[in-house]
Amino acid sequence: MKWSKTIIPTLRDNPQEAEIDSHKLMLRAGLIRKLGGGLYTFLPLGLRALRKVENIIREEMDRAGALEVLMPALQPREIWDTSERYETMQNVLYHVFDRQKREMLLGPTHEEVITDLVAREISSYRQMPKTFYQIQTKFRDEIRPRFGLMRAKEFIMKDAYSFDTGWDEADASYQAMYDAYTRIFQRCGLRTKTVEADTGAIGGKWSHEFMVMADSGEDGIVECEACSYAANLEKAERALPVTKVFPDNDKLPEEISTPGMRTIDEVSGFLKSEPMRLIKTLIYLINGNPTAILVAGDREINEHKIARLLETSNVMLADDKTIEKATGAPVGFAGPVGLNIPVYADIGLRGYSGAITGANKKDTHLLNVDLERDAKIQSYMDLCTVKEGDKCPRCQASLKEKRGIEVGHVFKLGTKYSEKFSAIYLDEKGEKKPVVMGCYGIGVTRTLQSVIEQSHDAKGIIWPVSVAPYSVVIVVPNTGHNDSVKAAETLMASLEQKKIDVLLDDRDERPGVKFNDADLLGFPIRVVISERSLAKNSIEIKLRSAEKAEIIPIDLGESRILELCKT
RNA sequence: CGGGGUGUAGCGCAGCCUGGUAGCGCGUUUGGUUCGGGACCAAAAGGUCGAGGGUUCAAAUCCCUCCGCCCCGACCA
């Protein structure tokens, strides 16, 4: 391909709309353009890279034995009623109405569609295991689209669904996808980390996320310094802390005036006490019922954990009125003593004694609180978010906090959907059983941008050969020099015949412009053919990732390029 | 949805405070010179100043309403 025949609108300046490097570079390198918030057009160069990622995924899915299908993006509402996700996923669903005013949804994911299919088409244990996948556009009404392709309203996803006769069999399918994912991201040149994750609204028993480590990532992760434990902060656990018993723990609760002191910082500062000694009491509405959640003053509540442990998706902080009604005090003075709503406490608070809490009375706190003795706790559960320095739940070593971009997610779903859609099969004994499912997603467009986020420098993108829009760029510094142009065209034609993706920069531009654009666009291999090199009967080959170029005799150039393309 | 920011030529920005001719750099077009790391000379095109309303003799500029975009938060397979 000649540069003059395609369109690569590079930008010199960073567009002001972009915040992170990969987003800036995708715009500057002319890979994508924005239509509106969370909506992007792929330009020819961006599409080429996207297709490469898709093909890697397709190859590895096929290799793992998965079967490609293509499901409708437009879905009847009814199947979402059947799965009972019309409500739980309300806030990401796009609603569409046809001419009969029938409600349709733009698919944010396809568990419903595939399970409906399987319920109709699979009825015997002889037909399993089966894994289906598709690469398709998904639609989600994201509250806040961000960072270009990282979080968009319309994006491309590879989703896969496995169907097995039992749990052990399903584990094998899960493992096959897990292994395929590992290969996929490796082939894309990504360094990923696999972490244990929350299953969220999709449900299921167990899940892992594939994270691209990057400071700009939206997800917090902890990993153990010593063992292999790593988890998303939404899910991460910690070794049980030592019980805290503070001074004066034998005394009875005693009120103390704390005028206007509402926050942990204010109270601990005012009482000259460490925040850890305070018990933070927050009133939540859980399924609409006021409920108190307790954690130590130096910790944050993890609402994902509340939702999971109490088996609901309806967890929100209570409004001021509800709090006042439940505690009998203005916001900021809640405490567990004497509360007559359900109270759940974090496991770290078990045995807390000599602690400080709100007194459920304006401008007042309580000293010397012993949780067991003075409050009625429904149960102690793991309710707070792990933080740096907490101990590993497996080996007690310290946990470190990092950021990551979630590019893949694998779930063991179980029978949640198969039961709702009556995806039932007959086993060897003729008994009816629900199919056991797994589901697996890769954010394809997000993966593409992650490659750039992880592989770039001050000058631009550094593509791995596997996903580069073109593996080779041939630069002719002076297009006025006919011999250079001819040699370049010959080389391009010859490489193209060998199925190498080549771009020939035939623009009438100054050399500096061409070199800078080549660096910005990040093609892995740059070949320069000029009067200067031809005089020595040579061409110049430089890797984008390397400092220096190598000078190769012209008749050996092609084989050298082919060799470099393989690595 | 709450908080903050921003909207002026394709891109990046100035002008707004203190109302009066809409500017700069890059890019684009034409001609010429130049040609190994974002050249130079000359000429030119390109703007409902986000939208609507108001104040005023006069609004990019002041006031009101709305909208888009970006960031933080809430939320999120």
Side-chain angles (χ1 to χ4, degrees), chain A residues 7 9-20 23-24 27-28 30 33-39 83 85 88-93 107-112 138-148 150-153 155 157-161 197-204 207-209 216 218-219 232 234 303-304 307 313-317 319 406-411 413 416-417 439-443 446 459-460 475-481 484-485 505 507-520 526 528-535 539-540 542 549 551:
Chain A
I7 181 158
T10 58
L11 306 172
R12 282 197 191 197
D13 301 312
N14 280 320
Q16 60 89 17
E17 74 192 52
E19 184 72 11
I20 62 174
H23 186 198
K24 290 176 185 167
L27 290 164
R28 281 190 60 204
R33 284 293 181 265
K34 185 176 71 179
L35 174 64
L39 302 172
S83 69
R85 286 209 295 180
T88 55
M89 291 189 66
Q90 189 65 256
N91 39 12
V92 298
L93 294 175
T109 175
H110 280 68
E111 281 80 15
E112 284 77 4
K138 298 284 188 265
F139 299 88
R140 293 184 190 183
D141 190 4
E142 291 287 349
I143 297 167
R144 185 147 87 86
R146 256 196 272 225
F147 304 148
M150 287 301 189
R151 184 167 291 275
K153 293 182 172 176
F155 62 98
M157 183 179 189
K158 187 286 305 177
D159 45 327
Y161 308 91
D198 188 29
T199 53
I202 208 159
S207 86
H208 286 98
E209 287 168 340
S216 62
E218 290 187 87
D219 290 278
N232 192 306
E234 292 171 4
E303 293 178 13
H304 296 94
S313 59
N314 191 352
V315 176
M316 54 192 287
L317 266 176
D319 54 289
E406 177 192 349
V407 287
H409 202 160
V410 294
F411 297 83
L413 271 184
K416 171 175 170 178
Y417 295 91
C439 74
Y440 317 93
I442 290 179
R446 184 184 282 181
K459 290 178 174 174
V475 175
V476 179
N478 181 0
T479 44
H481 185 247
S484 306
V485 175
D505 191 348
R507 294 174 300 168
D508 181 20
E509 287 287 353
R510 310 260 317 172
V513 173
K514 296 188 176 193
F515 290 136
N516 280 315
D517 272 348
D519 287 341
L520 173 63
R526 188 189 78 188
V528 179
I529 300 181
S530 65
E531 190 169 3
R532 203 162 89 184
S533 59
L534 286 180
I539 60 174
E540 179 188 308
K542 182 184 168 296
I551 310 295

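Just so we're on the same page: letters track the sequence lines, and every chain starts at 1.
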Tell me every residue that passes ring pair (Phe, Tyr, Trp, His ring centres under 6.0 Å) with A:His409, counting only those two or more places apart in sequence or in another chain. A:Phe411
Can you tell me if the side-chain N/O atoms of A:Arg144 get under 4.0 Å from OP1 or OP2 in B:rC72? yes
Name the nucleic acid region contacted by A:Lys34, choosing base, sugar-phosphate or nothing; use a 4.0 angstrom heavy-atom cut-off, strictly under. sugar-phosphate
Touch check for A:Tyr440, heavy atoms < 4.0 angstrom, all strands: base, sugar-phosphate only, or nothing? nothing
Give a yes/no answer on whether the side chain of A:Arg146 brings an N or O atom under 4.0 Å of OP1 or OP2 in B:rC72. yes
Return the value, rounded to whole Å, for the distance between atom CE of A:Met316 and atom P of B:rG2. 14 Å
Please state how far atom CD in A:Glu17 lies from atom C1' in B:rG5, giving the value in whole angstrom units. 15 Å
Between A:Val92 and A:Ala18, who's closer to the 5' end of RNA chain B by nearest nucleotide? A:Ala18
Between A:Arg151 and A:Arg144, is there a donor-acceptor pair closer than 3.5 Å when you use the side chain of the first and the backbone of the second? no
Only pairs with both distances under 3.5 Å count, Watson-Crick or wobble alike; so what is the partner of B:rA39 in this structure? B:rU33
Along nucleotides 23-42 of chain B, 5' to 3', which nucleotides get a B, which get an S, and which get a -, given that the test is a protein heavy-atom distance under 4.0 Å? --BSS------BBBBBB---
With a 3.5 Å limit on both atom pairs, tell me what B:rG73 is paired to, counting Watson-Crick and G-U wobble, or say none. B:rC1
For atom C1', what is the distance between B:rA43 and B:rG5, given to the nearest Å? 41 Å
One should read off an interatomic distance between A:Arg532 CZ and A:Ile551 CD1, to the nearest 0.5 angstrom, of 8.0 Å
Round to a whole Å and report the spacing from CZ of A:Arg85 to C1' of B:rC76. 13 Å
Quick check: does any side chain N or O of A:Lys514 sit under 3.5 Å from a backbone N or O of A:Arg507, one acting as donor and the other as acceptor? yes
In whole angstrom, give the distance that lies between atom CD of A:Glu142 and atom P of B:rC70. 13 Å
When rounded to whole Å, the CD1 to P distance for the pair A:Ile20 and B:rC71 reads 9 Å
Which value, in whole Å, describes the distance between the C1' atoms of nucleotides B:rU18 and B:rC75? 45 Å
Pick the nucleotide of RNA chain B nearest each of A:Lys138 and A:Ile143; which residue has the one closer to the 5' end? A:Ile143
Step through the shown structure and confirm whether more than 12 heavy atoms of other residues, nucleotides or ligands are within 6.0 Å of CD on A:Gln90. yes
Quick one: do A:Lys416 and A:Glu111 make a salt bridge, cutoff under 4.0 Å? no
Here the distance between atom P of B:rC76 and atom NZ of A:Lys153, to the nearest Å, is 18 Å
Between A:Lys459 and A:Phe515, does the side-chain contact (heavy atoms from CB on, under 4.5 Å) criterion hold? Intermediate values first, please. CA-CA 10 Å; A:Lys459 290 178 174 174; A:Phe515 290 136; over 6 Å; no
